[in-house]
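Here it is, the structure in full.
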Amino acid sequence: MVIDAVRSLWTEPRAPDPSPRWWWRDRLLAGVLILVALVEGVFREDLPWRPFTVAIGVALLLLLPMRRTRPLLVVLVVFGVVTVVDTVSVAAGVDPEQTTLWTTAWVLVLPYSLARWGSGREITIGSAIVVLFPLLTHARNGLGDTLLGLLFFALSVTLGAAARYRATSQVRALEQVRSREREQLARELHDTVAHHVSAIAIQAQAGRTLAAEHPGRAAEALANIEEAASRTLAEMRAMVGVLRAGEEPDLAPQPGLADIEGLAQRSGDAPRVDVELQGDLDDLGPGLATALYRLAQESVTNALRHARHATCIQVQITGDREHVRLTVHDDGQTSAADRITEGYGIVGMTERATLLGGTLEVGPTPGSGWSVVAQLPRTGAAT
């Protein structure tokens with residue numbers, strides 16, 4: 001298990017690049033600390049090797065703005081330079097604490113930067129370097145100071161890991177929202193535009209068949225095509241208006257039960273569509289009513305397109321105190337070779353039913369025809 005955890009950490013990618021505004025803030029912070037370091041170099045009386053110590057402190061502060069984009073490089077340079085300076089100080093008989101500027105305390109944020117922004121490899125290598133530093137100075141500082149340094153390191157890494165996890169969770173949540181929006185848009189496109197396009201195709205086929213023998217009925221089919229095309233264009237423009245940034249969407253009422261009754265038709269050579277509403281259907285929520293309409297619309301469209309030799313499509317909606325049941329059945333021919341094809345229509349219908357906490361069943365009916373049965377709760381839509 002430990003090996004798996006280490007392997008998972010080693011392959012962890014880098015966090016997304018930070019916002020440019022953080023780079024400017026780090027530059028501002030570095031500038032302030034450089035000014036403080038220069039003031040310390042002028043007024044601190046116990047500072048040995050004054051020009052050299054101040055130059056080293058200022059040079060390290062120039063790396064501060066890189067702590068987010070190049071955390072491992074900053075750790076390597078900073079802790080390497082500090083280790084060399086401490087070693088030289090000890091060899092020269094000078095207390096290393098005297099050769100350290102107060103502003104050098106900023107290096108405590110480097111373990112945080114490693115855990116927050118680095119890749120798995122950078123975190124592993126950088127952590128080893130940071131942990132090694134207090135261990136090398138154990139003989140000089142004592143066990144207490146070493147443990148204190150390791151504690152600061154652990155706290156800084158923990159804060160960085162927590163900030164990284166929080167940012168990652170926010171990104172994932174945003175991706176899930178975008179995915180749901182794409183799915184909703186796909187359903188709306190399929191259930192509205194595809195429905196009208198299917199109607200146009202059916203009317204065009206009927207018009208071509210009737211053109212030679214019944215010009216009047218062919219003209220009627222052309223009128224229906226024109227009407228369906230106009231509705232399709234209007235709905236496409238409405239969707240584009242919603243998607244375009246800065247444009248106010250046309251908040252037209254969503255279809256409901258009254259629109260389901262409008263699916264009934266008895267004209268032309270297409271199968272007759274009968275709609276029957278019964279039971280307790282009062283006070284349905286707008287989301288539930290719209291879902292019922294979209295499910296019925298898609299089911300009728302599929303029956304018109306695919307039901308072989310069908311003469312009638314029955315749409316029945318029954319409501320009780322807890323559920324609403326939608327049944328769409330056609331009397332077309334079926335065979336043992338018929339199979340359910342998981343196209344976008346069935347996928348979208350299943351998603352609609354699932355989001356409302358309901359169920360959907362699609363398949364051939366014993367005897368003849370196909371049925372779509374959706375049972376949705378009156379309350380309890382998914383959030």
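Quick caveat, the model's predicted, so the values are computed rather than measured.
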Review point. So which heavy atom on Thr53 is nearest to which on Pro48, and how close?
Key: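 That closest heavy-atom pairing would be OG1-O, 2.9 Å.
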Practice item. To the nearest 0.5 angstrom, please state how far the CG atom of Asp331 sits from the CZ atom of Arg308. Key: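 It comes to 12.5 Å.
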Practice item. Identify the heavy atoms of Ser89 and Trp49 that sit nearest to each other, and give their distance. Key: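 For Ser89 versus Trp49, the nearest heavy atoms are OG-CZ3, 3.7 Å.
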Review point. Is the number of heavy atoms from other residues, nucleotides or ligands within 6.0 Å of CG (Asp283) greater than 12?
Key: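 No.
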Point to revise | Passing option when Ile313 is tested against Asp274, Asn302, Leu304, Val275 for side chain to side chain contact (heavy atoms under 4.5 Å, CB included) | key: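 Of the listed residues Asp274, Asn302, Leu304, Val275, the side chain to side chain contact (heavy atoms under 4.5 Å, CB included) partner of Ile313 is Leu304.
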Point to revise | Side chain Arg116, main chain Leu159, donor-acceptor under 3.5 Å | key: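 Such a contact is absent between Arg116 side chain and Leu159 backbone.
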Practice item. Please examine the side chains of Thr104 and Leu101, heavy atoms only from C-beta on, and report whether any two atoms are closer than 4.5 Å. Key: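 Heavy-atom side-chain distance check passes, below 4.5 Å.
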Review point. Nearest 0.5 Å, what's the CG-OH distance between Asp259 and Tyr293?
Key: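 Interatomic distance, Asp259 CG to Tyr293 OH, rounded to 0.5 Å: 5.5 Å.
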Point to revise | Check: Leu376 and Leu292 side chains under 4.5 Å, non-hydrogen atoms | key: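 In contact.
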Check your understanding: Just how far is it from atom CG of Leu72 to atom CD1 of Ile123, taken to the nearest 0.5 Å?
Key ->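 Here the rounded value is 10.5 Å.
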Exercise for review: State, with a plain yes or no, whether a side-chain heavy atom of Ile56 is found less than 4.5 Å away from one of Val81.
Suggested key: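 Yes, close enough: below the 4.5 Å cut-off.
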Review point. Once you round to the nearest 0.5 Å, how far does CG of Leu35 lie from CG of Leu61?
Key: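 Reported to 0.5 Å precision, the distance equals 11.0 Å.
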Check your understanding: Which atom names give the shortest non-hydrogen contact between Arg68 and Arg14, and what distance separates them?
Key ->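 What the structure gives for the nearest pair is O-NH2, 3.1 Å.
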Review point. Which heavy atom of Leu64 sits nearest a heavy atom of Asp26, and at what distance?
Key: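 Nearest pair, atom of Leu64 first, then Asp26: CD2-O, 3.5 Å.
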Review point. Do Val85 and Val88 share a hydrophobic cluster (ILVMFWY, side-chain heavy atoms under 4.5 Å, transitive)?
Key: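 In one cluster: yes.
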Review point. Quick one: does Ser156's side chain have a donor or acceptor within less than 3.5 Å of a partner on Phe153's backbone?
Key: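 No.
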Point to revise | CG-CG distance between Leu288 and Leu257, expressed to the nearest 0.5 angstrom | key: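 Rounded to the nearest 0.5 Å, the CG-CG separation comes to 8.0 Å.
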Review point. Heavy-atom distance under 4.5 Å between the side chains of Val373 and Leu326, does that happen here?
Key: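 Heavy-atom side-chain distance check fails, nothing below 4.5 Å.
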Review point. Okay, side chain of His329, backbone of Val315: is any donor-acceptor separation there less than 3.5 Å?
Key: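 No: the side chain of His329 does not pair with the backbone of Val315.
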**Study point:** Interatomic distance, Thr103 atom OG1 to Leu60 atom CG [nearest 0.5 angstrom]
**Key:**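 One gets 9.0 Å once the value is rounded to the nearest 0.5 Å.
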Point to revise | Shared hydrophobic cluster, Val109 / Leu76 (ILVMFWY, side-chain heavy atoms < 4.5 Å) | key: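 They do share one cluster, since a chain of ILVMFWY contacts under 4.5 Å joins Val109 to Leu76.
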Exercise for review: Before giving the answer on side chain to side chain contact (heavy atoms under 4.5 Å, CB included), spell out for Gln278 and Ile317 the whole-Å C-alpha distance, their side-chain angles and the decisive distance to 0.1 Å.
Suggested key: CA-CA 6 Å; Gln278 59 183 8; Ile317 297 180; over 6 Å; no
Review point. Under 4.5 Å between any side-chain heavy atoms of Met349 and Ser299, yes or no?
Key: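 Touching, per the 4.5 Å side-chain cut-off.
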Review point. More than 12 heavy atoms of other residues, nucleotides or ligands under 6.0 Å from CD of Glu361: is that the case?
Key: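 Incorrect, the count does not exceed 12.
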Check your understanding: Side chains of Leu29 and Trp106: closer than 4.5 Å at any heavy-atom pair?
Key ->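 The answer is no, as the side chains (C-beta and beyond) never meet within the 4.5 Å cut-off.
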Review point. Does the side chain of Tyr112 come within less than 4.5 Å of Val157's, by heavy atoms?
Key: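 In short, these two side chains do not touch, never coming nearer than 4.5 Å.
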Point to revise | Non-hydrogen atoms of Ala161 and Ala115 that approach each other most closely | key: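 Scanning both residues, the minimum pair turns out to be N-CB, 3.7 Å.
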Point to revise | Minimum-distance pair of heavy atoms, taken over all atoms of Met66 and Leu73 | key: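 Where Met66 meets Leu73 most closely, the heavy atoms are CE-CD2, 3.7 Å.
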Practice item. Check step by step if side chain to side chain contact (heavy atoms under 4.5 Å, CB included) holds for Arg44 and Trp102. Key: CA-CA 10 Å; Arg44 183 175 166 183; Trp102 299 328; 3.8 Å; yes
Check your understanding: Less than 4.0 Å between a side-chain N and a carboxylate O, is that true for Asp280 and Arg321?
Key ->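 Looking at Arg321 and Asp280, the cut-off is not met.
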Exercise for review: Using modelled atom types only, decide if a donor and an acceptor are shared between the side chain of Glu122 and the backbone of Ser119 within a distance under 3.5 Å.
Suggested key: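 Checking the backbone N and O of Ser119 against the side chain of Glu122, a donor-acceptor pair under 3.5 Å is found.
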Point to revise | Residue pair Leu360 / Thr354, side-chain heavy-atom distance below 4.5 Å | key: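 Side-chain contact under 4.5 Å: no.
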**Study point:** Neighbour count above 12 (heavy atom, 6.0 Å) for Arg164 CZ
**Key:**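 Count over threshold, so yes.
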Exercise for review: Any chance you could lay out the side chain to side chain contact (heavy atoms under 4.5 Å, CB included) test for Trp117 and Thr69, step after step, and finish with the verdict?
Suggested key: CA-CA 7 Å; Trp117 302 105; Thr69 56; over 6 Å; no
Point to revise | Arg378 and Val324: CA distance, side-chain angles, deciding distance, side chain to side chain contact (heavy atoms under 4.5 Å, CB included) verdict | key: CA-CA 6 Å; Arg378 298 181 71 98; Val324 179; 4.1 Å; yes
